[in-house]
Structures are given as structure tokens and as C-alpha cells.
Amino acid sequence: SILEDSHGNLWFCTWNGGVCKYNGETIIHYTENEGLSSNTVWSVLEDRYGNLWFGTREGGCSMYDGDKFTRLTQEEGLSDNTVQCMLEDSQGNLWFGTEHGGVNRYDGTSITHFTENEGLCNNNVNAIFEDSHGNLWFGTEFGGVSRFDGKYFTSFTEQEGLSDNNINSIFEDSHGNLWFGTEYGGVCRYKAESLIHYAEKEGLSDRRVRSILEDRQGNLWLGTWDG
């Protein structure tokens, strides 16, 4: 993952190398030696207060306030120490998608777990997205997508029309369509309670869709394993 923070610094997450900050001139490394909880970092987020959060492999989350790192792990209440994705919602809550422990909501004081027991479709969460209506969407490794309206979960799987239950990315375009990038089923567009599939047959370069972006002209760009 890569992030540009509010000060214009670029942050690069690495496998076994911690994180790197590039200020336009020099690169500074932050590892376990500097207080990072793990040197393998999956995700990065800047919250509304300017704190940086790093989701790590087997180290939970590390929060960097510009001076020091603070850890948020299972000891502090996380359900799992491998954090694959993160989101700050419109209410200021932080959401952490984990490898085996579902999703965790952190309100700054307490942590609430949401797992299959609460209605989440699968406990391995790869992607988190908040749509324009305030619904939260969770893309999972084996269980499809769950939508959370603040009270209840609604799940969408292959049985409901998804092309694949392995979800890598979630995106809402400027027309309000939701797009789900899958591991083996191309991309799915969700609109008006219906799902439409796009794969190689429709011109997609590869069915393994990792990322989705809309440019300023309204074109959608899909990053796949093969271009």
C-alpha cells in the first residue's frame, strides 16, 4: 500500500522492511527498531487527526503520531493480530479487517468485534468500503461481500449472483454503482439490487482484479494480475 499524507509525504508499506517515508528529498525507514509492531505492513491510513495507522502481519496495528508509535494488538482487544485493511468511517470510527478475526471497530476508546457470529459472511476480510449512503461493505476471502447498515449485515455470495466469493477490492463510481474486484471472477457491478459480471469475455485483460479507480473523465481502471 502507498499513501500520501496531509503534509505531502509519501508512505510505502513493505514486506519485511517496515514502512518508508519519502518527503520529496530523502527516504526515512521505520521498522520494529523504531517501534513499529511488525516489519511486514499490509495497509496504511491517516485519520482525521493526522495520525498514521499501519496494519501489519502478526503485529496488529501501529499508530504513529509523528513522534512515537503506539500499538493496538490482541492484548489491547483486537480479535486478530494480522490486519489486512483499514477504514475511517464518516463518524470517525476506525475499522480493521483481519485475517481470521473478522472486522474490528475502534471508537478511540473501545474495540467491538464483528465476526460470522454477528452476521459477517466470513472472518477473513480483505477490503472495507463506505458507500455514499453510509453503508459499510466488507469484502472477504471466501464468503463474498457483507453490507452493514449500522445494525444488520446483508451478505452477497455466488448464490446471490456474485461471480466469485473471493473479494479483493470494493469501489463506488460517480454514478453510485458499486464494483467488486474478485480473485477469479473478474469484476461485478452492483446496481439496483442486481449484479452484472465482466471478465475476459467482455474484454477484461484478466479475471483476477486487485484494484479499481475512476479517473476524472469517469473512466474506470481495473488493475489485474495480467495488466
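Heavy-atom basis, side chains included; hydrogens, waters and symmetry copies ignored. Being a predicted model, the structure only gives us computed values, none of them experimental.
Scanning for side chain to side chain contact (heavy atoms under 4.5 Å, CB included) contacts around S163 gives T182, C188, H197, with sequence neighbours left out. Looking at residues two or more places apart in sequence or on another chain, you find a side-chain hydrogen bond (donor to acceptor under 3.5 Å, both in side chains) between T73 and E76. Remark: E160 pairs with T157 by the side chain to side chain contact (heavy atoms under 4.5 Å, CB included) rule, at least two apart or across chains. In this view, D65 and N51, M63, D67, K68 satisfy the side chain to side chain contact (heavy atoms under 4.5 Å, CB included) rule, not counting sequence neighbours. The side chain to side chain contact (heavy atoms under 4.5 Å, CB included) test applied to R189 returns N177, W179, I196, Y198, not counting sequence neighbours.
Taken from OH in Y106 to CD1 in I111, the straight-line distance is 6.5 Å, to the nearest 0.5 Å. The distance from the OH atom of Y64 to the CZ atom of F54 is 8.5 Å, given to the nearest 0.5 Å. Interatomic distance, H113 NE2 to L120 CG, rounded to the nearest 0.5 Å: 13.0 Å. Separation of atoms CG (L87) and CD1 (I128) is listed at 6.0 Å; rounding is to 0.5 Å. Rounding to the nearest 0.5 Å gives a distance of 9.5 Å between CG of D206 and CH2 of W225. Of the inter-residue distances, the one linking Q74 atom CD with T82 atom OG1 reads 8.5 Å to the nearest 0.5 angstrom.
Ring-plane geometry between F69 and Y30 is classed as perpendicular, the angle between the planes exceeding 60 degrees on a 0 to 90 degree scale with a lower cut at 30.
For the pair T115/S79, no side-chain contact is recorded, criterion being any heavy-atom separation below 4.5 Å from C-beta on. In this structure, the side chains of L45 and L3 stay at 4.5 Å or more apart for every pair of heavy atoms.
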Evaluation steps, side chain to side chain contact (heavy atoms under 4.5 Å, CB included), between F129 and L178:
CA-CA 10 Å; F129 187 83; L178 283 167; 4.1 Å; yes
Intermediate values then yes/no, side chain to side chain donor-acceptor pair (under 3.5 Å), E193 and Y190:
CA-CA 7 Å; E193 302 297 323; Y190 178 69; 2.8 Å; yes
In sequence, state the C-alpha distance, the side-chain angles, and the governing distance for L220 and V187, and then conclude on side chain to side chain contact (heavy atoms under 4.5 Å, CB included).
CA-CA 11 Å; L220 284 178; V187 66; over 6 Å; no
Any chance you could lay out the side chain to side chain contact (heavy atoms under 4.5 Å, CB included) test for S38 and E58, step after step, and finish with the verdict?
CA-CA 7 Å; S38 170; E58 299 180 353; 5.5 Å; no
Would E158 and D164 satisfy side chain to side chain contact (heavy atoms under 4.5 Å, CB included), going step by step from the backbone distance to the final call?
CA-CA 6 Å; E158 292 176 16; D164 181 25; 3.8 Å; yes
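Using modelled atom types, one side-chain atom of N126 and one backbone atom of I167 make a donor-acceptor pair closer than 3.5 Å.
Ion pairing of R207 with E183 is absent here, as no side-chain N (NZ or NE/NH1/NH2) approaches a carboxylate O to less than 4.0 Å.
Contacts classified as side chain to side chain donor-acceptor pair (under 3.5 Å) and involving residues 10-19 (residues at least two apart or in different chains) are given here: D5-W11.
Paired with F12 under the rule side chain to side chain contact (heavy atoms under 4.5 Å, CB included), one option of I27, I2, V19, V44 passes, and it is I2.
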